[in-house]
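Inspection log for the structure reproduced underneath, given as structure tokens.
Predicted model only: the values in this text are computed from it and were never measured. When a ligand or atom number is given, it counts from 1 through the structure's own listing order.
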Amino acid sequence: MSKGKLFVISGASGVGKGTVLKAVMEKRKDLAFSVSATTRPPRPSEEEGVHYYFISEEQFEEMIRRDEFIEYDRHAKASYGTPLGQMEDKLTRGHVILDIEPKGAAIVHGKRPEAILIFIMPPSMEELERRLRGRGDTSEEQIAIRMERAKWEMDQRGWYDYVVVNDQLDVCVDEILNIIAREAD
Ligand code: 5GP
């Protein structure tokens, strides 16, 4: 039996989701992050089992074969998936938040209609590109791929329950905390 609510957060790479989520989770200790599996290499700041499970393509294929993902997708030249068992387990203990892109969010929405979907927007596409470049850990090729994908992602925001702009970090964090309080408390 699920005890907690399921939140799904999406937003283009570079929009600042990681920073927003960290601040939100510091304020809401009853919210657990669902750790995805990915085949992309870790960034210097990322930890195994905290930000992602970093696995090989073969391991990823094996997880698909064993039907271990609630959803998975291939984008930006890598595979990403949400392990179902871990998500269910965390939901028995409290609220859970998934950070996944719109294709995965649509699948979760189909399988779990009660999930609450939040889309984070950048103030502008120029600002998104500036943030991506400023991170200093993403190649020019990946920046181009991610900007192209960001345009498509922005078009998906219409079917999300909530759309929040990450212009000022503290305002964005407060808005998400308000949404969680409204939906979960
Ligand atoms: P990044 O490589 O910048 O960490 O993530 C790239 C994109 O993959 C982001 O939009 C992020 O939300 C998405 N993503 C991360 N984990 C998953 C997952 O398990 N499933 C899906 N569908 N997307 C994911």
For this session: Have a look at Leu6 and tell me which of Ile116, Ile97, Val108 forms a side chain to side chain contact (heavy atoms under 4.5 Å, CB included) with it.
Result: Val108
Exercise. Between Glu126 and Arg130, is the closest basic N to carboxylate O distance under 4.0 Å?
Worked result: no
For this session: Run the contact test for Gly81 against ligand 1 with a 4.0 Å cut-off on heavy atoms, strictly below, and give the result.
Result: yes
Exercise. Under 3.5 Å, N or O to N or O, is Glu46 touching ligand 1 that way?
Worked result: no
Seminar exercise, completed: ligand 1 to Arg43, heavy atom cutoff 4.0 Å, flagged ligand atoms 1 (P), 2 (O), 3 (O), 4 (O)
Problem set entry | ligand 1 versus Glu71: contacting region, heavy-atom distance under 4.0 Å | side chain
Problem set entry | CG on Leu132 to OG1 on Thr138, rounded to 0.5 Å | 6.0 Å
Exercise. How close does the nearest protein non-hydrogen atom get to atom 7 (C) of ligand 1, and which residue and atom is it?
Worked result: His75 NE2, 3.3 Å
For this session: Consider every N or O of Ser36 and every N or O of ligand 1, then say whether any pair is closer than 3.5 Å.
Result: yes
For this session: Identify, for atom 12 (O) of ligand 1, the protein heavy atom at the shortest distance, and state residue, atom and that distance.
Result: Asp99 OD1, 2.6 Å
For this session: Between Arg146, Lys17, Glu101, flag the one that comes closest to atom 9 (C) of ligand 1 by a heavy atom.
Result: Lys17
Exercise. Mind checking what makes side chain to side chain contact (heavy atoms under 4.5 Å, CB included) contact with Ala150, not counting sequence neighbours?
Worked result: Ala12, Met125, Leu128
Exercise. Side chain, backbone, both or neither: which part of Met87 has a heavy atom under 4.0 Å from ligand 1?
Worked result: neither
Problem set entry | Min N/O separation Asp73 to ligand 1 under 3.5 Å | no
Problem set entry | Close-contact set for ligand 1 against Thr82 heavy atoms, below 4.0 Å | 18 (C), 19 (O)
For this session: Decide yes or no on side-chain hydrogen bond (donor to acceptor under 3.5 Å, both in side chains) for Tyr160 and Ser10, but give the supporting numbers first.
Result: CA-CA 9 Å; Tyr160 279 69; Ser10 299; 2.7 Å; yes
Exercise. Within the structure, does Ala37 bring an N/O atom to less than 3.5 angstrom of an N/O atom in ligand 1?
Worked result: no
Exercise. Quick one: do Asp89 and Arg93 make a salt bridge, cutoff under 4.0 Å?
Worked result: yes
Exercise. How far is atom 6 (C) of ligand 1 from its nearest protein heavy atom, and which residue and atom name does that atom have?
Worked result: Tyr80 OH, 3.7 Å
Exercise. Looking at atom 4 (O) of ligand 1, what's its closest protein heavy atom, distance included?
Worked result: Tyr52 OH, 2.5 Å
Problem set entry | Residue Ser13 vicinity, atoms of ligand 1 by number, heavy atom under 4.0 Å | 3 (O)
Exercise. Would you say Phe7 and Ile118 make side-chain contact, with heavy atoms under 4.5 Å?
Worked result: yes
For this session: For a side chain to side chain contact (heavy atoms under 4.5 Å, CB included) with Ile176, tell me which candidate from Val173, Ile180, Asn178 qualifies.
Result: Ile180
Problem set entry | Verify same cluster id: Tyr52, Ile70 (apolar side-chain graph, 4.5 Å) | no
Exercise. If you count the atoms of ligand 1 from 1 in the order shown, which ones are under 4.0 Å from a heavy atom of Arg40?
Worked result: 1 (P), 2 (O), 4 (O)
Exercise. Is a salt bridge present between Lys103 and Glu101, judged by a nitrogen-to-oxygen distance below 4.0 Å?
Worked result: no
